[in-house]
Amino acid sequence: MREAGVTVVTVGVFSWARLEPRPGERDFGWLDRVLDLLHAGGIGVFLATPTASPPPWLGHRWPETLPVDEAGHRLLYGARNQFCPSAPVYRERALALVRDLADRYAAHPALAAWHVGNELGPTCHCDATAGHFRRWLRDRYGSLDALNDAWGTAFWSQRYGDWEEVLPPRLAPYVRNPAQRLDFRRFTSDALLEHYLAERAVLRRLAPGVPVTTNFISLSPQVDQWTWAGEEDLVSVDLYPDPEDPGAPAAGALGCDAARSLGGGRPWALMEQAPSAVNWRRRNLAKRPGQMRLWSLQAVARGADAVCFFQWRASRAGAEKFHSGMLPHAGADTRVHREVRALGADLARLGTLAGSRVDARVAILLDWQSWWAVELEAHPRQDLALLDLVAAWYRPLWEAGIAADLAHPAGDLSGYDLVLAPNLYLAGAATAASLEAYVHAGGHLAVGFFSGVVDECDRVHAGGCPGPLRPLLGLRVEEFLPLAGGETLRCASDRLGAFTGSLWAEHVRAEGAEVIATVSGGDLDGLPVVLRNFHGDGSAWYVGTRPDEPGLDALLREVCAGAGVRPAVAGLPPGVEAVRRGDVLFLLNHGERPVDVALEGPCVDLLSGARLDGAVALARFGAAALRPR
Ligand code: GLA
């Protein structure tokens, strides 16, 4: 590890059965040795609480700690993550072990941070969960009448007359109540958070001042990462872009930007990435030579102060034996391990960047609650995937070298020149007021189709969408008209040029907004599809379809220009990512071919040590970290 430049490791994830081999017993000897050895080698530890994977004895003796799926099946031990956060025995046992762990290691010199659980997110539908869900609902709604109203239970005779009748959404003959399902997602996120907070309370009490984190699956819908991140001292994420996906570099960048934004711009930790291949996709492609370094540097460029991996040594047994490790089965004399060592040296050269920030003038709105709601069933189309829409709008920014944060719609947007909302299906009064105030004060906003459709209870806004955003956007949608498979919408615009839309169309009526593009041909011929409304000192755009790539490029060029947003570097060659962190400009070549990028002035490449002027040459998968001199 020392030779590879490793300075911090995560230890103890999923180690419950090792630490507590039988109920109430403790075996810390092995962990003492590991922590002491690491410390002696100058390596710090993110010490994990082992509670994400209880040992078989817990489920065997107390089956009520095991999670139950929607169909009422209890999921057994034999894999991992088999726990119900609402089960009292699970919580007691988990907290007792966390207490002893914290007691033992609070003052250990290797301890750098606590890592609670792992990718917390499992869902349970058991009876204890039902009771917990009812308590959560009572808190939220106060009365059964208010719950009935919020869930629209007049429909299909779903009215509840007694709290005991209220259940988590379980398997049922037909489409289940969407507001119930949405609330259950909120509840599940909160129930897990409650457990995280209980662990955190123990850790903070016994080890005051040691930062606490839990690793998110990057941009995963499991929990509301905004709420959770507010309870972390350090945001950490696991990021696994697919080497087979040509969109992986942009997807990785988006994941990094999300991690940074969740922490309000603070440096974050890449807790896990694969040294090369994973083993859980249908096809598990290796990272190409140079790609692991490039994607690691991408994380640093986008604000990470730690770049870690799953896993150090490739395991020889168990479910993940074909997952890559920093030290492969074939040993240290391997391509992957050589690249790991080279990365260690690179990261040491970037030490002066620690703590510095990325300044983004653009925010992309992402609200987990709206995400959950838009992907519920029985919608105009079933295949709307929020992240696809977000990724589509992110791509042109990424290609142009325009840094973007992710933001919550009801958060403080005043620092941004431009705010993009690829989709905001759920928009209640708080979101509408926030966006209105932002634009009124001179901000620029662009909103995608099927937005402003429902309130917090998933009830449709009367009067047509975008509901409470109508005055701001200056338009009304009369009808949703999803497109048939393969069907496209031809669109014409003097400003944007001709483009096509896919997936979605709408019958839009301008109510004050200026029409920027119209549909040409078909039933919607001549109707608006892109509009812009001036409001207060700012402007608000609306896009009623999913434009093709040239269409989105043109649209975002126009929107960015109107908002005065400029790229980090003008005229980037295709495939080159540019992002500025502090005073350092990162140039990352994701392309297969070497390229030259023109420089604005004399600088030094922190990675190579070269003093440069005029241009920098980037090899295939090459990178430069340029500081002006
Ligand atoms: C997740 C887990 C790890 C490991 C990796 C494999 O991120 O946290 O324990 O299973 O996936 O990619």
Side-chain angles (χ1 to χ4, degrees), residues 8-19 34 45-55 67 75 77-83 85 94 113-123 192 195-196 199 212-223 225 228-229 232 234-245 248 251-252 254-256 258-259 262 268-287 291-292 295-296 299 304 306-329 336 340 387:
V8 70
V9 297
T10 289
V11 177
V13 181
F14 307 134
S15 66
W16 190 337
R18 266 317 272 279
L19 293 172
V34 170
V45 168
F46 291 155
L47 185 53
T49 68
T51 50
S53 199
L75 307 180
Y77 44 86
R80 68 177 187 193
N81 306 119
Q82 73 291 353
F83 67 91
W114 294 109
H115 170 307
V116 172
N118 194 65
E119 297 185 338
L120 292 172
T123 306
L192 286 160
H195 183 71
Y196 163 81
E199 288 200 21
V212 180
T213 187
T214 180
N215 53 335
F216 295 135
I217 302 180
S218 174
L219 285 175
S220 143
Q222 287 181 309
V223 298
Q225 295 185 358
W228 279 65
E232 290 187 290
L234 164 72
V235 170
S236 64
V237 302
D238 301 347
L239 204 49
Y240 290 96
D242 184 355
E244 191 175 353
D245 173 11
L254 178 62
C256 295
L262 286 164
W268 52 281
L270 177 56
M271 188 63 88
E272 291 183 19
Q273 63 171 333
S276 185
V278 300
N279 70 327
W280 39 262
R281 293 195 172 98
R282 229 169 93 73
R283 279 186 304 272
N284 297 300
L285 271 65
K287 288 183 181 170
Q291 234 172 14
M292 179 277 285
W295 292 2
S296 300
V307 173
C308 308
F309 294 85
F310 174 81
Q311 53 196 327
W312 166 248
R313 190 186 297 274
S315 44
R316 291 178 49 220
E320 292 183 324
K321 60 182 176 297
F322 293 116
H323 194 291
S324 57
M326 296 162 80
L327 188 55
H329 292 142
V336 167
V340 164
L387 278 192

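The basis for the numbers below is simple: all heavy atoms, side chains too, and nothing from hydrogens, waters or symmetry mates. Every number for a ligand or one of its atoms is a count from 1 in the order of the listing. Note that the coordinates shown come from a computational prediction; the quantities given were computed from them, not determined experimentally.
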Next item on the list: Mark up the atoms of ligand 1 that fall under 4.0 Å of a heavy atom belonging to Trp280, in ascending order.
Entry: 6 (C), 12 (O)
Check: Under a 4.5 Å cut-off applied to non-hydrogen side-chain atoms, are Glu272 and Cys308 in contact?
Finding: no
Next item on the list: Record the part of Gln273 in heavy-atom contact with ligand 1 below 4.0 Å; permitted values are side chain, backbone, both and neither.
Entry: neither
Margin query: So, taking the atom named CD in Glu320 and the one named CZ in Phe310, what distance separates them when rounded to the nearest 0.5 Å?
Written below: 4.0 Å
Next item on the list: Answer whether the closest heavy-atom distance between the side chains of Leu120 and Gln222 falls below 4.5 Å.
Entry: no
Check: Any nitrogen or oxygen of Asn215, main chain or side chain, under 3.5 Å from a nitrogen or oxygen of ligand 1?
Finding: no
Next item on the list: Show the numbers, then the answer: is there a side chain to side chain contact (heavy atoms under 4.5 Å, CB included) between Met271 and Thr213?
Entry: CA-CA 10 Å; Met271 188 63 88; Thr213 187; 3.9 Å; yes
Next item on the list: Return the residue, atom name and 0.1 Å-rounded distance of the protein heavy atom closest to atom 6 (C) of ligand 1.
Entry: His323 NE2, 3.2 Å
Check: Would you say the side chain of Trp228 lies within less than 4.5 Å of the side chain of Leu262, judging by non-hydrogen atoms?
Finding: no
Next item on the list: Distance to 0.1 Å, residue and atom name: give those for the protein heavy atom nearest to atom 9 (O) of ligand 1.
Entry: Arg80 NH1, 3.2 Å
Notebook entry, point to check: Nearest to atom 4 (C) of ligand 1, what protein heavy atom do you find, and at what distance?
Noted result: Glu320 OE2, 3.3 Å
Margin query: For atom 5 (C) of ligand 1, what's the nearest protein heavy-atom neighbour? Residue, atom name and distance, please.
Written below: Tyr240 OH, 3.4 Å
Item checked: Under 3.5 Å donor-acceptor, Asn215 side chain and Glu119 backbone -> yes
Note to self: List ligand 1 atoms under 4.0 Å from Phe14, heavy atoms only on the residue side.
What the structure shows: 9 (O)
Checklist line | Spatial distance of atom NZ (Lys287) from atom CD (Gln273) [nearest 0.5 Å] | finding: 4.5 Å
Margin query: Suppose I only count heavy atoms of Asp238 and a 4.0 Å limit; which atoms of ligand 1 are within that range?
Written below: 7 (O), 8 (O)
Checklist line | Where ligand 1 meets Glu119 - atom numbers and elements under 4.0 angstrom, heavy-atom basis | finding: 1 (C), 2 (C), 7 (O), 8 (O)
Note to self: Under a 4.0 angstrom heavy-atom cut-off, which atoms of ligand 1 come close to Glu272?
What the structure shows: 1 (C), 2 (C), 3 (C), 5 (C), 7 (O), 8 (O), 11 (O)
Notebook entry, point to check: So Phe83 and His195, would you call those rings parallel, tilted or perpendicular, with 30° and 60° as cut-offs?
Noted result: tilted
